[in-house]
2 protein chains.
Amino acid sequence: MAPRTRNNPLALAVLALLWERPMHPYEMSMTLRERRKDESVRLNFGSLYSVVDSLVKHGLIEAASTEREGNRPTRTVYRLTDAGATEAVDWLSDLLRTPVKEFPQFEAALSFLPLLGPDDVARLLRMRIAALQLNVTTVDTAREQARAQGLPSVFVLEADYDSALLHAELDFVVGLEASITDGTLEGVAMWRELHARASGSASGRLEPEELAEALAPYFTPEGAAPPTA
Amino acid sequence: MAPRTRNNPLALAVLALLWERPMHPYEMSMTLRERRKDESVRLNFGSLYSVVDSLVKHGLIEAASTEREGNRPTRTVYRLTDAGATEAVDWLSDLLRTPVKEFPQFEAALSFLPLLGPDDVARLLRMRIAALQLNVTTVDTAREQARAQGLPSVFVLEADYDSALLHAELDFVVGLEASITDGTLEGVAMWRELHARASGSASGRLEPEELAEALAPYFTPEGAAPPTA
DNA sequence: TCCCGAATGCTCGAACCAGAGTATATCTCG
DNA sequence: CGAGATATACTCTGGTTCGAGCATTCGGGA
């Protein structure tokens, strides 16, 4: 048997839910929604069913019964196996112990920022700031609501984490926007000049050569020799 | 033609690289490595070649020539099309303007934390803290090195962002570990009791019923009625 | 009574991705 | 000077993921 790769955390969610009681897939998805776990784990129907199949194939869960209510499609109810319980604990422990490298899309965007001009970037970042502020209030009111319901913090730590990351991103973006706008970001002058020339050109876009030349001193073919002063 | 989905940021990286000059796929991957962009964009060979194919199919890049050196496999050199340049700018703008929901694995883990006992969790978090501290120093020395090479900050913003997120996570985890250990986290008493009973049981693991009962007051079938005091 | 829309519960295909595998060329080091 | 390590440059395969689509049932209003 293929030695299971732990790629989709939705599988962990399934194991965790079945820990409580046997369920059929649709019920799992509804339960995850009800508990807002779909904010922390990517949930979509197609993936859910294939994840369940894969868990069955690896003996971590098993069909407990198939039932039907009225004339609806039959539902298969699954239960956790011993191997599944062990796997849940192991996997969860691993995730807590060892940070995994993530690739946020915004980070990718930052990598290629110089393609756009500084003024455009600053404008876009201001829009991002507004959106982030909205997200912050959304998350924070959701947290308050959970507290008001008497749900102890232990059960909503994921929201706290989310909030912490959101605030960190917001701070970063605010600082970045400011440093571009007021020109204190190192290299912004060169960046601006590059695009000033470009906007005079036919396309209005940065010309390939310009960018290549600007980068050349730092990334020579021989490998990042520092530009001699 | 299928209206291209913007899922893999590696495609954006390809567009950005070809903006500078035509390249063949292997050269792209090496350039990304050299510039450390593989820290911000998930790069692997298999994906690179399929991403390139897909971009060709959608007319965003095109084969410029095929060449061979000595007896090596032939290389196809690609160049950016006008449509590709537009797409790069649009996509990049979108990524900067609009935050996209990410699903960090650690957040998923936090969602299912109560499966483990508080002492185990605290121990695992202490290991995570050590690992995160190591990552922080790694990222920060890399940044300093880049600065020492004279590379202006505009070209390494992604590292700054990474560092900001890392610090935020570190702070969060340190706080969480402390609040579990000293018992100030709300609900930790109940959590501890749950597992104290479990460890006396045959399996040494939390019994399904225990967890279900603990959760029941907050997530009733009718939908999250607050437990009446 | 009958139709609309929401909820229930799953199926399917196409795209996507990861990473091992392949094959040659060059470099290195005793 | 030969053998292994490293670099070059893909190719293949099989699993994963997405999201639209399908089929049924139920409740509620005209």
Side-chain angles (χ1 to χ4, degrees), chain A residues 1-14 22-34 38 41-58 63 65-78 100-103 105 108 221-223, chain B residues 1-14 22-34 38 41-58 63 65-78 100-103 105 108 221-223:
Chain A
M1 178 178 354
R4 227 184 90 65
T5 67
R6 284 173 180 169
N7 30 22
N8 194 345
L10 183 55
L12 178 58
V14 168
M23 291 190 197
H24 54 96
Y26 187 74
E27 190 183 358
M28 296 174 201
S29 74
M30 289 302 117
T31 308
L32 288 173
R33 288 236 171 108
E34 194 178 314
D38 59 337
V41 174
R42 196 186 301 274
L43 169 62
N44 68 52
F45 290 82
S47 304
L48 179 59
Y49 287 90
S50 41
V51 155
V52 163
D53 283 352
S54 151
L55 289 173
V56 169
K57 206 172 60 188
H58 290 89
S65 68
T66 63
E67 48 182 58
R68 70 187 316 161
E69 217 166 275
N71 219 351
R72 304 259 190 77
T74 17
R75 307 176 303 195
T76 306
V77 175
Y78 295 90
V100 311
K101 171 112 195 79
E102 315 264 356
F103 295 85
Q105 305 216 12
E222 304 83 53
Chain B
M1 180 181 349
R4 228 184 89 67
T5 66
R6 283 172 179 170
N7 27 24
N8 194 346
L10 182 56
L12 178 58
V14 169
M23 291 190 194
H24 55 95
Y26 187 76
E27 189 183 0
M28 296 175 202
S29 74
M30 289 302 117
T31 308
L32 287 174
R33 287 237 172 106
E34 193 179 314
D38 60 337
V41 175
R42 195 186 302 274
L43 169 62
N44 67 52
F45 291 82
S47 303
L48 180 59
Y49 286 91
S50 40
V51 155
V52 164
D53 284 351
S54 152
L55 288 174
V56 169
K57 206 171 59 188
H58 290 90
S65 67
T66 62
E67 48 183 58
R68 71 185 317 158
E69 219 165 274
N71 219 352
R72 305 259 190 76
T74 16
R75 307 176 301 195
T76 306
V77 176
Y78 296 91
V100 310
K101 173 110 194 78
E102 314 264 357
F103 294 85
Q105 304 217 13
E222 302 84 51

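Chain naming here is simple, since letters A, B, ... match the order of the sequence lines and numbering starts at 1 in each.
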- May I ask you to verify if any side-chain N or O of A:H24 is less than 4.0 angstrom from the OP1 or OP2 atom of C:dT8? no
- Here the distance between atom P of C:dT22 and atom OH of B:Y49, to the nearest Å, is 17 Å
- Item | Distance test, side-chain N/O of B:S50 to OP1/OP2 of C:dA15, below 4.0 Å | no
- Query: Atom CG of B:N8 and atom P of D:dC18: how far apart are they, to the nearest Å?
  - Reply: 13 Å
- Task: Taking only the side-chain heavy atoms of A:Y26 (C-beta and beyond), determine which of C:dC10, C:dA20, D:dT16 contains the nearest atom.
- Result: C:dC10
- Item | Partner set under side chain to side chain donor-acceptor pair (under 3.5 Å) for A:T31, not counting sequence neighbours | none
- Starting at atom CG of A:D53, determine the distance to atom P of C:dC10, rounded to an integer number of angstrom. 11 Å
- In chain order, what residues pass the side chain to side chain donor-acceptor pair (under 3.5 Å) check against A:R6, with sequence neighbours excluded? A:E87, A:D94
- Query: Please give, in whole Å, the distance from D:dT17 P to B:R6 CZ?
  - Reply: 24 Å
- Give the rounded distance in Å between these two atoms: CE of B:M28 and P of D:dT8. 16 Å
- Query: Of all the nucleotides listed (C:dA18, D:dC10, D:dT17), which has the minimum atom distance to the side chain of B:R42?
  - Reply: C:dA18
- Query: Under 4.0 Å between a side-chain N/O of B:S47 and OP1 or OP2 of C:dA18, yes or no?
  - Reply: yes
- Between C:dC16 (P) and B:L48 (CG): distance, integer Å: 14 Å
- Item | Expected output: side-chain A:N44 to main-chain A:S47 donor-acceptor under 3.5 Å | yes
- Note on the structure: Quick note, A:R75 side chain, CB onward, closest among D:dT17, C:dG9, C:dC17 is C:dG9
- To the nearest Å, how far apart are B:N44 CG and D:dG14 P? 18 Å
- Task: Starting from P on D:dC18, measure out to CZ on A:F45 and report it in whole angstrom.
- Result: 13 Å
- Mind checking whether A:V41 and A:L12 have side chains closer than 4.5 Å, heavy atoms only? no
- Is there a side-chain contact between B:Y78 and B:P25, using heavy atoms and a 4.5 Å cut-off? yes
